Amino acid sequence: RKRGQLRYFNNNKNAIGTRGRGQIITALPPRSISDIYLSFSKIIIFIWFKFIAGELSTMGESGGGGCCPPMDLMRSEPMQLVQLIVPMESAHLTVSYLGDLGLVQFKDLNPEKSPFQRTYAAQIKRCGEMARKIRFFKDQMSKAGVLPKDSLENGTHIIDLDDVEVKLGELEAELVEINANNDKLQRSYNELIEYKLVLDKAGEFFSSAHTSATAQQIEIESQQVGEDLLEAPLLQQDKSIDSSKQVKLGFLTGLVPREKSMVFERILFRATRGNVFIRQTVIEEPVIDPNSGEKAEKNVIVVFYSGERAKSKILKICEAFGANRYPFSEDLGKQAQMITEVSGRLTELKTTIDAGLGHRNILLHAIGDKFELWNLKVRKEKAIYHTLNMLSLDVTKKCLVAEGWSPVFASNEIQNALKRAAVDSNSQVGSIFQVLRTKELPPTYFRTNKFTSAIQEIVDAYGVAKYQEANPGVFTIVTFPFLFAVMFGDWGHGICLLLATMYLIVREKKLSSQKLGDIMEMAFGGRYVIMMMSLFSIYTGLIYNEFFSIPYPLFAPSAYDCRDASCSEATTIGLIKVRDTYPFGLDPVWHGTRSELPFLNSLKMKMSILLGVSQMNLGIIMSYFNARFFKSSVNIWFQFIPQMIFLNSLFGYLSVLIIIKWCTGSQADLYHVMIYMFLSPTDELGENQLFPHQKTVQLVLLFLALVSVPCMLLPKPFILKKQHEARHQGQSYAPLEETDESLHVEANGGSHGHEEFEFSEIFVHQLIHTIEFVLGAVSNTASYLRLWALSLAHSELSSVFYEKVLLLAWGYNNWLILIVGIIVFIFATVGVLLVMETLSAFLHALRLHWVEFQNKFYEGDGYKFAPFSFILTANEDE
């Protein structure tokens with residue numbers, strides 16, 4: 001153990017450093033490194049056997065009742081191309097039962113026909129019309145606040161489509177009539193509301209104008225006495241003018257939108273050349289416009305004009321600006337009578353509208369009781385007829401022929417569905433089920449449950465696996481949350497993530513039936529992935545010994561203590577080892593010392609390289625299992641073996657040097673060793689030698705790495721060319737192979753065995769693949785250093801928030817500042833560390849799996865199995 005101590009700054013075997021900020025710790029607790037990686041190994045092995053060998057081999061949720069075999073996520077389900085010959089009288093029921101089963105992906109056998117030329121185009125048009133009516137009902141219920149009832153008790157087979165069509169037509173006609181009457185009544189009601197406002201505001205204007213005119217007339221008459229005599233003839237001459245020649249003013253009243261009132265006034269002034277007088281009064285409350293039915297702020301206007309020509313201009317301008325005009329009388333008695341009549345009509349209309357809305361709500365509630373049942377029925381029927389249009393009509397026009405992909409295990413279920421459909425439809429002839437032989441590449445189908453589906457979606461986002469290609473999702477279940485946790489190691493933050501995820505898991509039944517936002521929908525879909533990420537984060541946080549950046553001696557006291565009583569205040573006196581090595585993770589004494597950052601940097605950087613080389617080796621090993629499964633010995637000898645030799649001759653050797661250095665406590669500089677392994681491979685290593693004959697081993701490894709590059713590049717294209725020539729030389733025809741399997745896929749996954757062999761394309765492809773692997777071995781290994789970088793960033797950010805926010809606020813001894821500091825700390829922790837850092841670590845872990853891991857073996861050029869299923873039909877929105 002003493003040999004395992006790393007001495008950073010001095011050779012004192014007992015002194016470990018000093019405490020406090022800016023102080024030094026010089027030795028690593030001897031068992032820390034070995035404990036960390038032993039713990040890593042234990043947790044990976046435990047989760048592997050628990051979830052992979054146990055839970056992932058259990059029945060899928062959709063299997064239910066033991067009708068399906070156990071899930072196998074390593075390889076996709078064996079598929080078969082089946083042909084169904086179905087009598088016309090039982091075709092509809094057969095497709096319906098197969099939709100309930102959801103295990104057949106139908107092929108379109110009428111690609112040359114347009115949708116309007118197909119057999120069941122009229123039925124699809126009919127279902128589309130019913131779907132339009134249902135959408136109309138849904139829109140009306142949404143506006144009225146009526147929620148449809150979830151009463152789907154498998155009643156879609158009981159109700160008849162013709163009855164549904166008749167009922168939907170009757171309800172639509174009734175609802176349209178009610179809406180039309182209600183719109184007319186509501187428009188009349190809104191017009192009367194505006195008319196009443198015009199009567200009130202214009203009446204006030206005319207009343208005040210009349211009072212003002214009377215007062216002015218009295219004042220003028222009183223001033224006539226004592227006027228100058230020279231003006232008397234002129235005044236008498238004015239009074240002698242004929243009253244029939246006097247100009248009579250007309251006026252219009254109405255309402256104009258407030259935002260248009262100023263423009264309206266200017267246009268009137270210009271159109272009449274100023275020969276108009278306008279008076280506006282603001283209405284405090286918004287009113288409902290009769291034409292648009294929306295609330296708007298308006299002004300009551302009174303426009304005085306002279307002449308019919310001016311009147312016609314004013315009417316056109318009012319129409320252009322959307323001003324509603326209403327009649328008005330100057331007579332005060334008529335005004336009072338009109339106000340009384342309008343108020344009475346408003347009361348009558350209000351009663352009538354309320355009665356109409358009550359009847360409409362009763363009708364909508366009646367529709368809501370059956371809405372989901374009708375909606376599902378129409379969707380099912382439309383899906384059935386779309387599927388029937390993909391079937392080809394037999395020559396006799398008495399049978400329909402279908403072709404499609406299905407899993408091999410589903411043969412019995414499909415045949416049972418065919419028999420049941422023939423019996424239920426009283427067909428005299430049963431359907432025929434037969435398996436076709438083909439070299440067409442089948443779709444990829446993995447049976448997943450709610451735990452594995454999110455991980456499989458992450459893999460499929462990169463590319464759907466080729467048929468029966470090794471599935472990275474099996475390993476991603478463990479490695480993805482583990483690599484995330486390496487970057488997010490804090491058991492306090494992990495507990496916060498776990499609590500949020502447990503809320504989603506506990507309420508998953510309720511939340512699954514609700515409409516969630518886009519971000520919330522993604523989080524809910526990946527709730528089990530986030531749960532795994534939080535559990536691994538708690539584990540790595542315990543190893544890093546960080547709880548919101550605070551270390552805790554959870555498992556034992558620190559192995560080191562003060563030399564004497566004055567140690568806590570001293571700056572030069574170090575610590576001595578007084579107990580056994582800290583049993584799990586990092587000793588808490590490391591935190592807050594000057595040597596913490598150099599030590600953690602070294603530890604996490606080397607840990608990242610070890611994890612990266614291990615995962616890349618796993619990817620190359622998976623390429624061996626792919627080649628073995630597809631019986632491609634060329635890929636084994638000239639792809640798998642050279643890649644393993646090249647990667648491990650360089651970076652596998654580096655990983656071994658890291659472990660040897662940890663175990664021996666050597667002071668060797670690994671950077672110097674790796675650099676001069678290439679630049680000066682024959683030079684002596686000196687103090688950088690870690691084991692005997694290291695120079696010879698490095699020369700051998702370097703030679704192997706150089707030899708493996710041409711082994712990857714040259715042999716494979718020539719061997720493939722030779723195999724192609726041997727396969728087709730002198731053979732115009734070849735006998736059909738007899739095999740017991742229903743489907744045979746060639747080793748290279750292709751479906752065209754007699755295509756022309758292009759040697760240049762094969763050679764260029766192999767050249768690109770070789771260069772990509774050689775350069776990628778360096779860049780991918782360096783890419784795994786993001787584990788170190790993000791782990792360091794997360795730890796330092798957490799430490800900054802704790803020291804510069806929480807502790808700083810605590811030091812002021814002011815409760816108000818402390819509350820503000822706590823609030824800022826909470827928001828910074830949630831917003832930055834639990835949201836942004838979580839997303840950042842998630843994306844980096846995603847990149848490591850997509851680029852560094854999966855490109856070693858995963859082609860991902862397949863297509864997903866998309867069966868005809870009513871479950872998918874019911875969940876999707878039109």
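Reckoned from all heavy atoms, side chains included, excluding hydrogens, waters and symmetry mates. The structure displayed is predicted, hence computed values, not measured ones.
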Charged tip of [X] within 45° of [Y] ring normal and under 6.0 Å:
X: Lys604; Y: Phe599; value: no
X: Arg527; Y: Phe524; value: yes
X: Lys466; Y: Tyr858; value: no

Flag side-chain contact, heavy atom, 4.5 Å: [X] against [Y]:
X: Lys377; Y: Leu373; result: no
X: Pro867; Y: Tyr445; result: no
X: Phe106; Y: Ser406; result: no
X: Leu586; Y: Leu603; result: yes
X: Thr444; Y: Tyr863; result: no
X: Pro588; Y: Tyr582; result: yes

If you measure from [atom1] on [X] to [atom2] on [Y], what distance do you get to the nearest 0.5 Å?
X: Leu611; Y: Lys606; atom1: CG; atom2: NZ; value: 14.0 Å
X: Arg379; Y: Met130; atom1: CZ; atom2: CE; value: 14.0 Å
X: Ser558; Y: Asp587; atom1: OG; atom2: CG; value: 3.5 Å
X: Leu790; Y: Ser795; atom1: CG; atom2: OG; value: 12.0 Å
X: Phe865; Y: Ser76; atom1: CZ; atom2: OG; value: 11.0 Å
X: Leu846; Y: Leu843; atom1: CG; atom2: CG; value: 6.5 Å

Worked check of side-chain hydrogen bond (donor to acceptor under 3.5 Å, both in side chains) between Thr452 and Asn449 = CA-CA 5 Å; Thr452 57; Asn449 53 27; 3.0 Å; yes
Please list all pairs passing the salt bridge (charged side-chain N to carboxylate O under 4.0 Å, His left out) test where one or both residues lie in residues 833-844, with sequence neighbours left out.
-> none
What are the two closest non-hydrogen atoms of Ala470 and Met622, and how far apart are they?
-> CB-CE, 3.5 Å
Consider only side-chain N and O atoms of Arg786 and Tyr784, and report whether a donor and an acceptor are under 3.5 Å apart.
-> no
Please determine, by modelled atom types, if Tyr528 and Glu508 share a side-chain donor-acceptor pair under 3.5 angstrom.
-> yes
Partners passing salt bridge (charged side-chain N to carboxylate O under 4.0 Å, His left out) against Glu457 (at least two apart in sequence or in another chain) | Lys864
Mind checking salt bridge (charged side-chain N to carboxylate O under 4.0 Å, His left out) for Arg847 and listing every partner two or more places apart, or none if nothing turns up?
-> Glu852
Mark yes or no for whether Asn545, through its side chain, and Gly585, through its backbone, hold a donor-acceptor pair below 3.5 Å.
-> no
More than 12 heavy atoms of other residues, nucleotides or ligands under 6.0 Å from [atom1] of [X]: yes or no?
X: Arg420; atom1: CZ; answer: yes
X: Phe625; atom1: CZ; answer: no
X: Tyr802; atom1: OH; answer: no
X: Leu839; atom1: CG; answer: yes

Could you please spell out the steps behind the side chain to side chain contact (heavy atoms under 4.5 Å, CB included) verdict for Tyr544 and Leu600?
-> CA-CA 9 Å; Tyr544 296 157; Leu600 290 180; over 6 Å; no
Run the numbers on Ile159 and Trp374 for side chain to side chain contact (heavy atoms under 4.5 Å, CB included), then give the verdict.
-> CA-CA 9 Å; Ile159 59 176; Trp374 292 338; 4.3 Å; yes
Should the pair Asp369-Lys149 be classified as a salt bridge under the 4.0 Å nitrogen-to-oxygen rule?
-> yes
Is Asp139 salt-bridged to Lys143, cutoff N-O under 4.0 Å?
-> yes
Anything under 3.5 Å between a donor and an acceptor, one on a side chain of residues 474-492, the other on a protein residue two or more places apart or in another chain? List them.
{"unit_1": "Thr476", "atom_1": "OG1", "unit_2": "Pro472", "atom_2": "O", "d": "2.7"}
{"unit_1": "Thr479", "atom_1": "OG1", "unit_2": "Phe475", "atom_2": "O", "d": "2.9"}
{"unit_1": "Thr479", "atom_1": "OG1", "unit_2": "His849", "atom_2": "NE2", "d": "2.7"}
{"unit_1": "Asp490", "atom_1": "OD1", "unit_2": "Gly492", "atom_2": "N", "d": "2.9"}
{"unit_1": "Asp490", "atom_1": "OD1", "unit_2": "His493", "atom_2": "N", "d": "3.3"}
{"unit_1": "Asp490", "atom_1": "OD1", "unit_2": "Phe548", "atom_2": "N", "d": "2.9"}
{"unit_1": "Asp490", "atom_1": "OD2", "unit_2": "Phe548", "atom_2": "N", "d": "3.1"}
{"unit_1": "Asp490", "atom_1": "OD2", "unit_2": "Ser549", "atom_2": "N", "d": "3.2"}
{"unit_1": "Trp491", "atom_1": "NE1", "unit_2": "Glu546", "atom_2": "O", "d": "3.2"}

Which atom pairs, one a donor and one an acceptor, fall under 3.5 Å between side chains of residues 816-835 and the rest of the protein, sequence neighbours left out?
{"unit_1": "Thr829", "atom_1": "OG1", "unit_2": "Phe825", "atom_2": "O", "d": "2.7"}

Would you check, one step at a time, whether the test side chain to side chain contact (heavy atoms under 4.5 Å, CB included) holds for Phe853 with Asn780?
-> CA-CA 9 Å; Phe853 173 54; Asn780 292 348; over 6 Å; no
Given side chain to side chain contact (heavy atoms under 4.5 Å, CB included), test Glu796 with Leu597 step by step and report yes or no.
-> CA-CA 10 Å; Glu796 292 302 312; Leu597 199 57; 3.8 Å; yes
Could I get the full list of side-chain hydrogen bond (donor to acceptor under 3.5 Å, both in side chains) partners for Arg75, not counting sequence neighbours?
-> Asn626
